[in-house]
Protein chains: 2
Amino acid sequence: MPDNKAVVKTGNEKSISPAVIKRLPRYYRYLGDLLKNDVVRISSKELSQRMNVTASQIRQDLNNFGGFGQQGYGYNVEYLYNEMGKILGLDRTNNIIIVGAGNLGQALANNQDFDSNGFKIIGLFDVNPRLIGMTVRGVEVYDIDMLETFLKEHEVMIAALTLPKSKAVKVAEQLVDLGIKALWNFAPVDLHFSEDILVENVHLAESIMTLSYRIHSQNQ
Amino acid sequence: MPDNKAVVKTGNEKSISPAVIKRLPRYYRYLGDLLKNDVVRISSKELSQRMNVTASQIRQDLNNFGGFGQQGYGYNVEYLYNEMGKILGLDRTNNIIIVGAGNLGQALANNQDFDSNGFKIIGLFDVNPRLIGMTVRGVEVYDIDMLETFLKEHEVMIAALTLPKSKAVKVAEQLVDLGIKALWNFAPVDLHFSEDILVENVHLAESIMTLSYRIHSQNQ
DNA sequence: TAGATTGTTAATCGATTAACAATC
DNA sequence: TAGATTGTTAATCGATTAACAATC
C-alpha cells in the first residue's frame, strides 16, 4: 500500500503573501481605467511604467493566480480585469452593514465606489435617536438594538465599525456573536478574534501620523 | 591635504525603512494607552505580547531613533511616549486644510483624534454653494476660490483631499503650486509630484477589496 | 551582587528583481 | 519565421527574528 502523505490538503494550498494581496486592488483599478479608455491589451512592461512598479513584480504577482497572459502579446485588459474581479470576490454582491451612523458612517454609505464593485450597504445602525429612522442614500439607519433581528433576516458578511473607540470592542464582539465574518474597523483599537474572523483596519490617525513623520524628518 | 570624502552628508543620513515608519504610530497609540492606565515602565517583552509582535522587532525599531530603554529595567512609558511624539512631529501644531467638504471631509473635521495629537484643521474648502459658509466643529467651509488667499495668510503644510476622483488631480496640482508640501489623499487616484511633495493615500475601496479577497479565499 | 533586559550583531526568512528559456 | 513578451527559476535585496554580550 503506497503511503499517501501529502495527499491531504490543508485547505489553503498555496497561500498568497499579504504583500501581494495588498497590491491586487491597485492592479484592478488600473485595469479598470485602461478598460474605460478602450485599451485592449497591455504588456507587463507598459503597465509597470504606468504603475511605477517593476514588470517582474506584476508578472510574479499575477502568476500566483494563474497564467493570464500570452507570450508575445501581453495581457488582454478586459479578460484580466474580469479575472482580477473574480479573485477579489467582486463578481458577487457583498452585503455590508455600517455600525455607527455618524459622519464617517454616512460618508461610507454615500461612497459610490463601493456599489460599482459589488459592495452593497444594506443598513446603518446607531444608538442616537436623532439618526435612527433617517435614510442615507436610500439606506435606513436602524436602532442598534435591531442588529440581531436584522442579521437574522439578511445575509451579511461584512460590518464596518465607524463608532467611537470606547464602544468598538464591545460592538465588535456582539457582531461576531451574531455571525459577522469580517470587520472593517475604523476605530483606533486592535480587534482580536479567532482566526476565521477577518479584520481590516483603517486607522486614520496612524495614517496622518506617518505623513507628519515624513514631513518633519525630511531635512534631517 | 587629507581627502575629506564622506564628510559631505546627504541630508538624510540613516533613512528609516517604510516598514518601520508605518509601525511607529501604533507604538505611540499603545504607549498612550499604557500611560492612561498609569503604567510607569514596560519591557519590550511585555509590550510585544500586548501588541502581538516580537520583542526583537520593538527593540530594533526603537533603536533606529536612539536608545530609549535601560538594561534590566525596560522603557519608561511616559518618556518613550513623549520621545515617539517628537519623532512623529506631534510636539508641534500641524495645520491642515480639507479640500472637499462632503461627508468624508466633514468626518475628518469632526474627528477628535486629530486635535489631541497636534493636528489642527483650520479650514474646509468646497465648490458647493450649499456648503460654503457652513461651519463644522467651529471650522468654516470656504469657497475653493479662496484657497490662494487663505494659504497666503496661514501656514499650512498638509491638505486632505476628500473630493471626487475627477477633480483630485487638478486640485492637487493647484495646492502644490500654492505651497502645500503634503497631500493626504482620499481619492482613488495616484498623485505624482516631485520628490519633496509627500503623498499619503487612504484608498478605502482598495481596503475593502482586500477584505473581500480574504473572505472569498478563506476556504480555498 | 544577581537578575533582568537592553542594544546590537549575526542568522534566517521573505519579498523583489533579474534573467532567460519557453512560446505565442 | 522573427520579434515580443510571458511564466518561472535563480540571484539579490531587505526585513524580521534569534542570540548574546553589555550593562543597569
Side-chain angles (χ1 to χ4, degrees), chain A residues 12-27 30-31 34 39-84 87 210 213-214 217, chain B residues 12-27 30-31 34 39-84 87 210 213-214 217:
Chain A
N12 264 352
E13 302 186 48
K14 39 178 167 178
S15 90
I16 311 296
S17 91
V20 173
I21 295 169
K22 247 188 288 179
R23 284 194 290 267
L24 298 180
R26 187 157 177 262
Y27 292 134
Y30 271 81
L31 289 165
L34 288 168
V39 176
V40 174
R41 67 183 265 271
I42 194 157
S43 67
S44 60
K45 193 184 169 196
E46 200 197 327
L47 186 57
S48 77
Q49 287 161 348
R50 292 184 187 241
M51 294 186 69
N52 205 27
V53 297
T54 63
S56 206
Q57 182 167 75
I58 292 174
R59 294 203 300 277
Q60 285 274 31
D61 284 353
L62 296 181
N63 275 86
N64 281 295
F65 303 97
F68 301 116
Q70 203 167 66
Q71 284 95 333
Y73 174 86
Y75 300 87
N76 179 283
V77 172
E78 186 171 7
Y79 174 70
L80 185 55
Y81 176 77
N82 288 328
E83 288 302 308
M84 294 287 303
I87 291 164
T210 63
Y213 169 82
R214 290 193 285 150
S217 71
Chain B
N12 263 352
E13 303 183 47
K14 38 177 168 178
S15 90
I16 311 296
S17 92
V20 173
I21 295 170
K22 246 188 289 179
R23 284 193 290 268
L24 298 180
R26 187 157 177 264
Y27 292 134
Y30 272 81
L31 289 165
L34 288 167
V39 177
V40 173
R41 65 182 266 272
I42 194 157
S43 66
S44 58
K45 192 183 170 196
E46 201 197 326
L47 186 57
S48 75
Q49 288 161 347
R50 290 183 188 241
M51 295 186 67
N52 206 27
V53 297
T54 64
S56 206
Q57 182 167 77
I58 291 174
R59 295 203 300 277
Q60 286 273 30
D61 284 354
L62 297 181
N63 275 85
N64 281 295
F65 303 97
F68 301 117
Q70 201 166 68
Q71 284 94 335
Y73 175 85
Y75 300 87
N76 177 284
V77 173
E78 187 171 9
Y79 174 71
L80 185 55
Y81 176 77
N82 288 327
E83 290 302 308
M84 295 286 304
I87 290 164
T210 62
Y213 169 82
R214 290 194 284 150
S217 71

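Quick note on labels: first sequence line is chain A, next is B, and so on, each numbered from 1.
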Nearest whole angstrom, please: distance from the P of C/dT17 to the CE of A/M51.
-> 13 Å
A/Q71 has an atom CD; how far is it from atom P of C/dT23, in whole Å?
-> 7 Å
Out of curiosity, B/I21 CD1 to A/S217 OG, how far, rounded to the nearest 0.5 Å?
-> 6.0 Å
Would you mind reading off the distance between B/Q49 atom CD and D/dT17 atom C1', rounded to a whole angstrom?
-> 16 Å
Can you tell me which stems involve DNA chain D, if a stem is defined as three or more consecutive Watson-Crick or G-U wobble pairs, both distances under 3.5 Å?
-> C:3-24 with D:3-24
Pairing residues for B/K45 by the side chain to side chain contact (heavy atoms under 4.5 Å, CB included) criterion, not counting sequence neighbours | B/S43, B/Q49
What integer distance in Å separates B/D61:CG from D/dA18:C1'?
-> 15 Å
Please state how far atom CG in B/N76 lies from atom P in C/dT6, giving the value in whole angstrom units.
-> 13 Å
Quick one: A/N64 CG to C/dA15 C1', roughly how many Å, whole number?
-> 11 Å
Please give, in whole Å, the distance from C/dT5 C1' to B/L62 CG?
-> 13 Å
Distances for protein N or O near nucleotides 9-11 of chain C N or O, under 3.5 Å:
| from | atom 1 | to | atom 2 | distance (Å) |
| --- | --- | --- | --- | --- |
| C/dT9 | O4 | B/Q60 | NE2 | 2.8 |

Less than 4.5 Å apart, any side-chain heavy atom of A/L24 and any of A/I16?
-> no
How many angstroms lie between OG in A/S17 and CZ in A/R23, if you round to the nearest 0.5 Å?
-> 6.5 Å
Over all atoms of both residues, closest heavy-atom pair of B/A55 and B/S48 | N-CB, 3.3 Å
Pairwise distance OH(B/Y27) to CG(B/D61) - rounded to 0.5 angstrom | 3.5 Å
Give a yes/no on whether any side-chain N or O of B/Y75 is located under 4.0 angstrom from OP1 or OP2 of C/dG7.
-> yes
Without placing hydrogens or testing angles, list every side-chain donor-acceptor pair under 3.5 Å for residues 65-80 of chain B, not counting sequence neighbours.
| from | atom 1 | to | atom 2 | distance (Å) |
| --- | --- | --- | --- | --- |
| B/N76 | OD1 | B/E78 | N | 3.2 |
| B/N76 | OD1 | B/Y79 | N | 2.8 |

Mind running a 4.0 Å heavy-atom check of residues 40-47 of chain A against DNA chain C and sending the residues that fall below it, in number order?
-> none
Interatomic distance, CZ@A/R26 vs CE@A/M84, rounded to 0.5 Å, equals 12.0 Å
With side chains defined as the heavy atoms from C-beta onward, is the minimum distance between B/R50 and B/L34 less than 4.5 Å?
-> yes
Measuring from A/I42:CD1 to A/I58:CD1, what's the distance to the nearest 0.5 Å?
-> 8.0 Å
Of the nucleotides C/dT16, C/dG7, D/dT8, which has the atom closest to the A/R59 side chain?
-> D/dT8
Using a cut-off of under 3.5 Å, enumerate the N/O to N/O pairs linking the protein to nucleotides 12-14 of chain D.
none

Round to the nearest Å and state the distance from B/Q70 atom CD to C/dT6 atom P.
-> 10 Å
CG of B/L62 to CD of B/E83, rounded to nearest 0.5 Å, is 11.0 Å
